[in-house]
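The block underneath contains the structure these notes are about, expressed in structure tokens.
Numbered from 1 within each chain, the chains take letters A, B, ... in sequence-line order. Every value quoted in this text rests on a predicted model; they were computed, and no experiment measured them.
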There are 2 protein chains.
Amino acid sequence: MKDSRITLKDLAQVLNLSPSTISRALADHPAISEATKEKVQKKAEELGFIPNSIASSFRKKKSHTLGVIVPRIDIHFHSLVISGIEEFAYKTGYNVTIFQSKDSITREKEITKLLQNKMVEGVIVCLATETYNYDHFKKFRKLGVPLVFYDRVPSNYDTNKIVINDFESAFKATEHLIKKGCTRIAHIAGNQSTPIFKARLQGYKSAIKKHHGNLDEKLIIPCKTLSYEEGALCAEKFLKFSPMPDGIFCANDYTAVSVIQVFRKAGIKIPEDTAVVGFSNYPISRVIEPHLTTINDRAFQMGIEAAKLLIRLIEEEKKSIKSETITLETELIIRESSMKP
Amino acid sequence: MKDSRITLKDLAQVLNLSPSTISRALADHPAISEATKEKVQKKAEELGFIPNSIASSFRKKKSHTLGVIVPRIDIHFHSLVISGIEEFAYKTGYNVTIFQSKDSITREKEITKLLQNKMVEGVIVCLATETYNYDHFKKFRKLGVPLVFYDRVPSNYDTNKIVINDFESAFKATEHLIKKGCTRIAHIAGNQSTPIFKARLQGYKSAIKKHHGNLDEKLIIPCKTLSYEEGALCAEKFLKFSPMPDGIFCANDYTAVSVIQVFRKAGIKIPEDTAVVGFSNYPISRVIEPHLTTINDRAFQMGIEAAKLLIRLIEEEKKSIKSETITLETELIIRESSMKP
DNA sequence: CTGAAAGCGCTTACAG
DNA sequence: CTGAAAGCGCTTACAG
């Protein structure tokens, strides 16, 4: 940032006007005559005047910046959310500054401190897996900086949230398998200390109980990270069951893909012998063969809604005290992996 | 940003010291006595003093912010690069503000204008596909704001670049197929107006000529976007060749995956009948069966290097006039899709 | 080792 | 419709 920049004062001098007038003219203030506005705008253009937005932010106490904290940017779900946030923020004139917590609560705390003096006007957060205490977010409220959480949101903490209905989505997915004629439906469950995976398990259970009456707990295999590798381990276990499950609802797409591959190698036909449903609609779900039936988790839309809500909270006159939770409708995308004949 | 914030002046009053001293004490200035420093730091902590970093940025004319322009955040390659940028920037105390050009030159131009008055200290860019004129970046040089381009970089424009050696990578990939015994190697080529795809084609040609002497131009199929769908179309074409190619080097992983799937459906064995190599090492490459041999394009490292170079340029005393190009070494990751017996 | 003063480049309430 | 003045919250060269 060399000092070759022209300032309002320079412009004022050249035009024999006061800096106040220049400032107003460029801001299209109604009190300024059209003639002056034109003159000023023309000169500003001519001299390549670039307003110093830091000075303006400083003076107006508005940074027009949103802070975003995600566990990792390179996870497709989060990159979609960020894309949605950027899209809405850009259209509304806000900048987006991103931080990765790397799923470390220590780093998450560091970042919240940073953001507090960075004077961001609002913050969007997906919590680190390690985070079960939310004290480091309390300061934002005191500072009048609104927060919106998405996906991994605080429990027992009154705040703004954007979520999908995990319970109903899981219910819908499981019910789909039931309607396709599956009678022995297994579930690969996520970490039960994470609310979304707990809700997915509940949705599964609820659908089974409603249609089949009783539930075989042995058909539920809990996972820690729901990785591709963990999925393979689950699949191996299922192969030893007798009778084998004829339907599997997986809490994410990675494990679903893994199950499909291990089963096929073992000679099990998908979906004829065992139907498989995933969760998230990752790109891989329409590449794996057979293509995977899954839940569209609306990641991009989540980003849009998070930014929209946050900016509304920022711009609202009296910062509303009531917290909002927006629940997005998901969609079951039916593909070959569950298309039993 | 409510006005409940405590300022340096407030602290000064409480402690009966001047704001200058407070400022210095908090900045750990050597001229301040340890006793005073401690007193100030303690009180600052106690009153929950948060320095206003916008005021500081304004005063010091240092925003400590990097601007990043990518075509889309939700493309895995870019999300990896951004992740690398954030990682390095975070450690060095810089913030990262991201923008998506959506591959539109109009939007790219808008963003450069925005960034000019946002007072970012440096900018990292991957050009929009539409961009063949770089005038909108010239202003940054005048302002003393360094630029670093990555992946899709300007041609015939003197600037800082982070790239991989596409020619050699393609050469290496093709040579690998040759060494595996392939004698009729095809290439799915990318858009030839994009330098990286041009270089990949050249690398392919060069390897073929070196080892096989002559080149059969019919074995080169040009694509526009190298999408999964386009890959399938190419595969269909290959199936009609006689004799069929016994090796295919694809300019990206999407088309490679597509080829594998179409070929397998047609009863062609991979790698026995036809070996396939991709480019990029996308996550899908280690999921597709058989796992895909591909080039690791070092996306994360690219982000690290881009940030490192940019921050060096920002912090260098005399902004160096010479432009730098950093070429990262790629790596051929050999997996099953090319493991001919 | 500490302080008084000036100033970064804007914006805005007040005055005319 | 335009201007003079104050000030946002820091930092820093200068003085002591």
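- Ranking D:dC10, C:dG3, C:dG9 by closeness to the B:Leu17 side chain, first place goes to C:dG3.
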- Task: Let me see the working for A:Ser57 and A:His64 under side-chain contact (heavy atoms from CB on, under 4.5 Å), right down to the final yes or no.
- Result: CA-CA 8 Å; A:Ser57 285; A:His64 268 245; 5.8 Å; no
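- Exactly one residue among B:Gln100, B:Lys102, B:Glu110 makes a side chain to side chain donor-acceptor pair (under 3.5 Å) with A:Tyr90. That residue is B:Glu110.
- Contact between the side-chain N/O atoms of A:Thr36 and the OP1/OP2 oxygens of D:dC1 is not found at any separation under 4.0 Å.
- Looking only at atom types and distance, the side chain of B:Ser104 has no donor-acceptor partner in the side chain of B:Glu130 under 3.5 Å away.
- Checking D:dT12, C:dC1, C:dC10 against every side-chain atom of B:Arg59, the shortest atom distance belongs to D:dT12.
- One can place NZ of A:Lys9 at 9 Å from C1' of C:dG7, the figure rounded to the nearest angstrom.
- Atom-to-atom, NZ of A:Lys60 to P of D:dG7 comes out at 20 Å; the value is rounded to the nearest Å.
- Computed from coordinates, the B:Asp28 CG to C:dC1 C1' distance equals 15 Å when rounded to whole Å.
- Neither OP1 nor OP2 of D:dG9 sits under 4.0 Å from any side-chain N or O of B:Ser23.
- The side chain of A:Thr21 contributes no N or O atom lying less than 4.0 Å from OP1 or OP2 of D:dC1.
- The pairing partner recorded for C:dG3 is D:dC14, the criterion being a Watson-Crick or G-U wobble arrangement whose two distances lie under 3.5 angstrom.
- A sub-4.0 Å separation between OP1 or OP2 of C:dA4 and a side-chain N or O of B:Ser20 is absent.
- Using a 4.0 Å heavy-atom cutoff across all strands shown, A:Ser56 reaches sugar-phosphate atoms only and no base atom.
- For D:dG3, the OP1/OP2 oxygens have a side-chain nitrogen or oxygen of A:Ser18 closer than 4.0 Å.
- Residue-to-nucleotide contacts include a donor-acceptor pair under 3.5 Å from the side chain of A:Arg24 to the base of D:dG3.
- A:Phe58 qualifies as a stacking partner of the D:dC8 base, centre to centre under 5.5 Å and near-parallel within 30°.
- In this structure the side chain of A:Ile162 never reaches within 4.5 angstrom of the side chain of A:Phe149, judged on heavy atoms.
- In this entry the distance linking CG of A:Leu8 with P of D:dC8 reads 19 Å, nearest Å.
- Counted by atom type alone, A:Thr97 and B:Thr97 present one or more donor-acceptor pairs between their side chains at under 3.5 Å.
- Spacing between atom CD1 of B:Ile32 and atom C1' of C:dC1 amounts to 7 Å, rounded to whole angstrom units.
- Nucleotides D:dA13 and D:dG9 place their P atoms 23 Å apart, quoted to the nearest Å.
- Counting only heavy atoms from C-beta on, B:Lys61 has its side chain closest to C:dG9 among D:dC1, C:dG9, D:dG9.
- Computed from coordinates, the A:Ile54 CD1 to D:dT11 C1' distance equals 15 Å when rounded to whole Å.
- Across D:dT12 and D:dG16, the matching C1' atoms stand 16 Å from one another, rounded to whole Å.
- Neither OP1 nor OP2 of D:dC1 sits under 4.0 Å from any side-chain N or O of A:Lys37.
- A:Phe137 has its side chain within reach of A:Leu147: a pair of non-hydrogen atoms, C-beta onward, lies under 4.5 Å apart.
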